[in-house]
Visitor: 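Once you've had a glance at the structure underneath, I'll fire off some questions.
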Amino acid sequence: RRSSDLSSGINAEYGDYIAISNMGRLIFTVLFLLLVIKGQNAQFTLVDEQGRQITEANQRGLLLYNGGTVCDDSFTDNAASAICIELGHAGQQNWDSSGGWSIQTNYDIELDDVSCSTSSWSDCTYSDSHNCGHSEDVFLTCTSASDQIDAIGFTLVDEQGRQITEANQRGLLLYNGGTVCDDSFTVLAAKAICIELGYAGQQSWDSSQSWSIQTNYGIELDDVSCSTSSWSDCTYSDSHNCGHSEDVHLNCVPEVTSSSFTIVNEAGGDGQGRGLLLFNGQTVLLFNGQTVCDDYFSDNSATAICGLMGYNGFQSWTYGEQFGIQASLYIGLDNVACSSGSWDSCTFRTLENCGHSEDVHLNCVPEVTSSSFTIVNEAGGDGQGRGLLLFNGQTVCDDSFSDNSATAICGLMGYSGFQSWTY
């Protein structure tokens with residue numbers, strides 16, 4: 001019996017050992033799986049200079065991966081965009097690397113050689129070993145969805161990367177979210193693109209690397225060559241041999257409509273179709289607040305502009321520096337060439353080689369209606385159909401005036417005819 005009891009005790013102890021051993025294996029397996037899961041769900045965070053987590057967009061922060069910094073080796077815009085998207089933002093605004101914050105030395109360097117073929121984290125490779133110092137730590141600024149521009153087609157952005165929607169603002173030209181190189185680019189290309197953007201044409205264009213944000217973009221378009229100012233007549237290449245110093249900047253002019261022009265008298269009041277021609281409320285014949293040069297200007301040009309303003313045509317036009325204010329204005333429009341009296345037939349350019357002695361002045365003929373003519377007595381009051389004939393408040397000369405003229409005017413004013421006329 002003692003032998004049997006001993007054997008039973010040994011078996012019980014061995015069973016307890018087996019149970020404890022199995023429990024240990026289970027705990028080890030759980031811990032191992034947790035470590036694997038943690039590795040698969042790597043966490044990016046951004047922290048400020050005090051180490052506090054950043055959750056809002058448009059704030060520069062130190063990039064951390066699983067609580068350690070990220071080295072800049074192989075890091076690109078694609079990597080920055082992918083990580084910002086992982087953080088729940090729309091994309092990246094900019095990134096840099098430096099050792100500027102004292103808190104950096106509180107962290108280990110956890111990630112290196114981050115290389116992304118697209119802006120999706122699933123297309124990125126990286127290494128968890130490194131050969132870096134904290135001077136190579138990545139800092140990142142992400143953007144919110146409201147900051148993002150339409151990535152399709154052409155857009156203009158300002159120095160902060162915000163989309164430009166108004167005319168007369170110089171902007172960096174983007175195509176599908178990347179810059180445009182200036183190879184083969186001309187005034188025709190600039191005008192075609194401005195028209196594509198919904199403007200009347202281009203005011204100016206240049207190429208330079210004048211803004212720091214340019215390096216945040218790839219170069220998407222090169223060799224833009226246009227035979228006319230229509231985008232359908234343009235060719236281009238989506239490969240390039242350019243640097244950002246060749247990025248195109250563009251300034252477009254607004255569409256010209258019937259409300260763009262007005263005419264004022266010398267005091268700035270309503271000129272009744274005779275006086276200084278204004279564009280968008282500016283004095284003299286102005287285009288976008290600037291004077292218009294007389295190069296290629298013709299009777300067709302005068303007719304087209306007067307017609308656009310709602311007049312029957314033009315009475316006269318001239319050029320010269322007749323008013324003191326002209327010297328304080330820029331010359332904004334040149335080579336206004338019209339093949340007919342319709343504004344649709346006109347072309348123009350915003351680059352000029354003129355002086356203010358070539359500024360255009362214009363006198364339009366208003367539409368004649370029953371209220372255009374009046375007859376006043378000697379005191380200037382209502383002449384009751386007998387007295388001095390006025391046209392829009394001004395006298396009428398007798399040159400070529402006839403009985404037919406008198407009959408027509410009296411009829412237009414609602415009378416049955418004329419009794420007599422003299423001068």
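We're numbering straight along the sequence, starting at 1.
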Visitor: Would you call the rings of F139 and W101 parallel, tilted or perpendicular, where under 30° means parallel and over 60° means perpendicular?
Guide: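 Judged by the thresholds at 30° and 60°, the geometry between F139 and W101 is perpendicular.
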
Visitor: I'd like to know if the side chain of T374 and the backbone of S371 have a donor-acceptor N/O pair within less than 3.5 Å.
Guide: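 Pair absent, no side-chain N/O of T374 close to backbone of S371.
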
Visitor: Considering all heavy atoms of both residues, which atom of A80 and which atom of W95 are nearest to each other, and what is their separation?
Guide: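 Taking every non-hydrogen atom into account, CB-CD1, 3.6 Å.
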
Visitor: Pairing donors with acceptors under 3.5 angstrom, does anything connect the side chains of T118 and S120?
Guide: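 There is no such pair (donor and acceptor under 3.5 Å, judged by atom type) between the side chains of T118 and S120.
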
Visitor: Can you check whether C71 reaches D137 side chain to side chain, under 4.5 Å on heavy atoms?
Guide: no

Visitor: Kindly say whether E110 contributes a backbone atom to a donor-acceptor pair with the side chain of D108 at under 3.5 angstrom?
Guide: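 Absent.
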
Visitor: Quick check: does any side chain N or O of N66 sit under 3.5 Å from a backbone N or O of Q43, one acting as donor and the other as acceptor?
Guide: yes

Visitor: Could you tell me whether a side-chain N or O of S74 sits under 3.5 Å from a main-chain N or O of S115, the two making a donor and an acceptor?
Guide: no

Visitor: Which heavy atom in I219 sits nearest to a heavy atom in G243, and how many Å separate them?
Guide: CD1-C, 3.9 Å

Visitor: Taking only residues two or more places apart in sequence or in another chain, which ones pass side chain to side chain contact (heavy atoms under 4.5 Å, CB included) with L188?
Guide: T186, C226, S229

Visitor: Where do Y199 and T165 come nearest, in terms of heavy atoms and distance?
Guide: OH-O, 3.0 Å

Visitor: Let me confirm one number: the CZ-CG distance from F297 to N335, rounded to the nearest 0.5 Å.
Guide: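 So the CZ of F297 and the CG of N335 are separated by 12.0 Å.
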
Visitor: D113 versus T125: any side-chain heavy-atom pair under 4.5 Å?
Guide: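 No, their side chains stay 4.5 Å or more apart.
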
Visitor: Would you call Q214 and H249 a side-chain contact if the rule is heavy atoms closer than 4.5 Å?
Guide: yes

Visitor: If I compare all heavy atoms of E246 with all of N241, which pair ends up nearest, and what's the gap?
Guide: OE2-O, 4.3 Å

Visitor: Can you say whether the rings of W231 and Y236 are parallel (under 30°), tilted (30 to 60°) or perpendicular (over 60°)?
Guide: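 Plane angle under 30°, so parallel.
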
Visitor: Are there over 12 heavy-atom neighbours, none belonging to F373, within less than 6.0 Å of that residue's CZ?
Guide: yes

Visitor: Quick one: does D403's side chain get under 4.5 Å of W421's, heavy atoms only?
Guide: yes

Visitor: Does a side chain donor of either D299 or W317 reach within less than 3.5 Å of an acceptor in the other side chain?
Guide: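 Looking only at side-chain atoms, W317 and D299 do form a donor-acceptor pair, the distance falling under 3.5 Å.
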
Visitor: Grab the two heavy atoms, one from L156 and one from C252, that are nearest each other, plus how far apart they are.
Guide: CD1-SG, 4.2 Å

Visitor: Any heavy-atom pair between the side chains of T69 and V138 that's under 4.5 Å?
Guide: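 They are not in contact (no side-chain heavy atoms under 4.5 Å apart), so the answer is no.
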
Visitor: Consider only side-chain N and O atoms of S342 and S340, and report whether a donor and an acceptor are under 3.5 Å apart.
Guide: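 Result is no, nothing qualifies.
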
Visitor: Please identify each residue that fulfils side-chain hydrogen bond (donor to acceptor under 3.5 Å, both in side chains) with S400, with sequence neighbours left out.
Guide: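 Partners of S400 under the side-chain hydrogen bond (donor to acceptor under 3.5 Å, both in side chains) test: none.
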
Visitor: Which of these, T141, D96, D48, sits in a side chain to side chain donor-acceptor pair (under 3.5 Å) with R60?
Guide: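 So, applying the side chain to side chain donor-acceptor pair (under 3.5 Å) to R60 and each of T141, D96, D48, only D96 qualifies.
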
Visitor: Checking H244 now: which residues fulfil ring pair (Phe, Tyr, Trp, His ring centres under 6.0 Å) with it, not counting sequence neighbours?
Guide: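 Result, ring pair (Phe, Tyr, Trp, His ring centres under 6.0 Å) vs H244: none returned.
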
Visitor: Taking the side chain as every heavy atom from C-beta outward, state whether L46 and L140 have any pair of such atoms under 4.5 Å apart.
Guide: yes

Visitor: Compare every heavy atom of A304 with every heavy atom of W343, then report the nearest pair and how far apart it is.
Guide: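 It is N-CB, 3.7 Å.
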
Visitor: Roughly how far, to the nearest 0.5 Å, is the CD atom of E86 from the SG atom of C124?
Guide: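 That separation rounds to 8.0 Å.
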
Visitor: Give a yes-or-no answer on whether the side chains of W205 and D182 include a donor-acceptor pair shorter than 3.5 Å.
Guide: no

Visitor: As an exercise, state the distance from OG of S212 to CD of Q160, rounded to the nearest 0.5 Å.
Guide: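 S212 atom OG to Q160 atom CD measures 8.5 Å (nearest 0.5 Å).
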
